[in-house]
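These notes are about the structure you will find just below.
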Amino acid sequence: MLITHDTRCALDAVVDLVNTAPEGATTPDALQDVAMLAHFVEKHAVSDIGVLSEWDLSAVRRLRGRFAAVFAAPDPRTAAGLINELIAAAGTTPRLTDHDGYDWHVHYFAPGASVADHLAADCGMALAFFVVAGEQERLRRCEAPDCRRAFVDLSRNRSRRYCSSRTCGNRLHVAAYRARRKEAAS
């Protein structure tokens, strides 16, 4: 599956957005205020965004939950329905652009769109490409028992199980190794 630069940026943004949600009482909301939203927008170079407000923060938090539902969708039909709702509500308006030193690419948000509509359109379309390509199962949640972070499995053989092999994957492999050693010593 060919993933263009702008699609990859949108995928990174949607994964990071979904992962800003609090996980029960153990982690705080990473979008607690407008300043945190502004940092998210800057980190992901979300273009054509005006002054952010509490309204934007509330809208992006609602959007985050809708994107989380796409990652939890049990099948492509369900994912497609959720994505269709997202991009339709955003007033998707595809247009070609070549800003900030990037070659021609497609933006899906309408000029002057809110940050929530911008993310819904661009990120929704990035997720749509996975459903169209028959790759919806690549939209995953970490399999570590104490982690449910979202990620997109871009491995060749669709075998990635953890949000990060350095943290969750390594921690579980070390725990399994120690358990085997303990059992062998008994």
Side-chain angles (χ1 to χ4, degrees), residues 1-23 27 30-31 39-47 60 63-87 90 92 94 96-109 115-176:
M1 177 174 181
L2 174 67
I3 300 174
T4 62
H5 171 77
D6 51 317
T7 300
R8 180 59 195 249
C9 290
L11 289 172
D12 290 345
V14 72
V15 165
D16 282 355
L17 178 61
V18 170
N19 290 335
T20 64
E23 292 183 34
T27 60
L31 287 179
H39 176 73
F40 177 88
V41 165
E42 182 180 326
K43 175 183 175 186
H44 291 285
V46 180
S47 60
V60 170
L63 178 64
R64 173 179 68 189
R66 295 179 75 191
F67 277 132
V70 174
F71 278 83
D75 55 67
R77 183 164 305 284
T78 303
L82 294 167
I83 293 167
N84 282 339
E85 289 173 11
L86 281 165
I87 60 179
T92 306
L96 290 168
T97 184
D98 67 341
H99 63 89
D100 298 329
Y102 293 107
D103 286 335
W104 289 104
H105 59 283
V106 180
H107 279 186
Y108 296 96
F109 60 93
V115 66
D117 284 346
H118 179 128
L119 292 170
D122 276 357
C123 297
M125 289 303 299
L127 296 175
F129 295 144
F130 277 79
V131 174
V132 168
E135 301 284 352
Q136 182 253 339
E137 73 276 359
R138 289 182 181 268
L139 308 177
R140 297 190 176 166
R141 291 290 189 155
C142 185
E143 291 183 20
D146 59 343
C147 180
R148 296 297 302 150
R149 293 179 60 84
F151 68 94
V152 177
D153 180 3
L154 297 176
S155 67
R156 278 183 191 232
N157 61 359
R158 300 175 187 89
S159 62
R160 189 169 157 199
R161 297 174 50 206
Y162 307 110
C163 63
S164 170
S165 60
R166 290 187 188 122
T167 54
C168 290
N170 190 45
R171 186 170 27 88
L172 288 175
H173 287 113
V174 168

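Predicted, not measured: the structure shown is a model, and the values here were computed from it.
A salt bridge does not link Asp153 to Arg161: none of the charged nitrogens lies less than 4.0 Å from a carboxylate oxygen. Salt bridge annotation for Glu23-Arg148: absent, with no cationic side-chain nitrogen under 4.0 angstrom from a carboxylate oxygen.
Between Thr78 and Val70, the closest side-chain pair of non-hydrogen atoms is not below 4.5 Å. Side-chain contact between Phe67 and Leu82: absent, with no pair of heavy atoms (C-beta onward) separated by less than 4.5 Å. The side-chain heavy atoms of Phe129 and Leu11, taken from C-beta on, include no pair separated by under 4.5 Å. Side-chain contact check for His105 versus Thr97: some heavy-atom pair is nearer than 4.5 Å. When side chains are defined from C-beta on, Arg160 does not count as touching Arg138, because their heavy atoms never get closer than 4.5 Å. Residues Arg140 and Phe71 fail the side-chain proximity criterion, which asks for heavy atoms closer than 4.5 Å. Side chains of Leu86 and Leu63 form a contact here, defined as non-hydrogen atoms less than 4.5 Å apart.
Considering every non-hydrogen atom in both His107 and Ser47, the closest pair reads CE1-OG, 3.5 Å. Heavy atoms only, all atoms of each residue included: Ile87 and Ala120 are closest at CG2-O, 3.6 Å. Heavy atoms only, all atoms of each residue included: Ala73 and Gln136 are closest at O-NE2, 3.1 Å. The two residues Asp117 and Phe109 have their closest heavy-atom pair at O-CB, 4.4 Å.
To the nearest 0.5 Å, atom CG of residue Leu139 and atom CZ of residue Arg141 are 10.5 Å apart. Atoms CG and SG, on Asp12 and Cys123 in that order, are 9.5 Å from each other to the nearest 0.5 Å. Interatomic distance, CZ of Phe40 versus OG1 of Thr20, reported as 6.5 Å (0.5 Å rounding). Taking CG from Leu119 and CZ from Arg66, the interatomic distance works out to 13.0 Å, rounded to the nearest 0.5 Å.
Counted within 6.0 Å of CZ on Arg158, heavy atoms from surrounding residues, nucleotides or ligands total more than 12; the atom is thus considered enclosed.
A donor-acceptor pair under 3.5 Å links the side-chain atoms of Asp122 to the main chain of Tyr108, judged by distance alone. With hydrogens and angles ignored, the 3.5 Å screen pairs no side-chain donor or acceptor of Thr92 with any backbone N or O of Ala121. With hydrogens and angles ignored, the 3.5 Å screen pairs no side-chain donor or acceptor of Glu137 with any backbone N or O of Asp75.
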### Task
Start with the C-alpha distance between Met125 and Thr7, add both sets of side-chain angles, then the distance that settles side chain to side chain contact (heavy atoms under 4.5 Å, CB included), and finish with yes or no.
CA-CA 8 Å; Met125 289 303 299; Thr7 300; over 6 Å; no
### Message
Please determine whether side chain to side chain donor-acceptor pair (under 3.5 Å) holds for the pair Asp16 and His44, giving the CA-CA distance in whole Å, both sets of side-chain angles, and the decisive distance to 0.1 Å.
### Response
CA-CA 9 Å; Asp16 282 355; His44 291 285; 2.8 Å; yes
### Message
Please evaluate residues Arg149 and Val18 with respect to the criterion side chain to side chain contact (heavy atoms under 4.5 Å, CB included), reporting the C-alpha separation (whole Å), side-chain torsions for both, the decisive distance (0.1 Å), and the verdict.
### Response
CA-CA 8 Å; Arg149 293 179 60 84; Val18 170; over 6 Å; no
### Query
Could you go step by step and tell me if Asp103 and Asp98 meet the side chain to side chain contact (heavy atoms under 4.5 Å, CB included) rule?
CA-CA 5 Å; Asp103 286 335; Asp98 67 341; over 6 Å; no
### Message
Walk me through whether Leu31 and Arg64 qualify under side chain to side chain contact (heavy atoms under 4.5 Å, CB included).
### Response
CA-CA 10 Å; Leu31 287 179; Arg64 173 179 68 189; 3.9 Å; yes
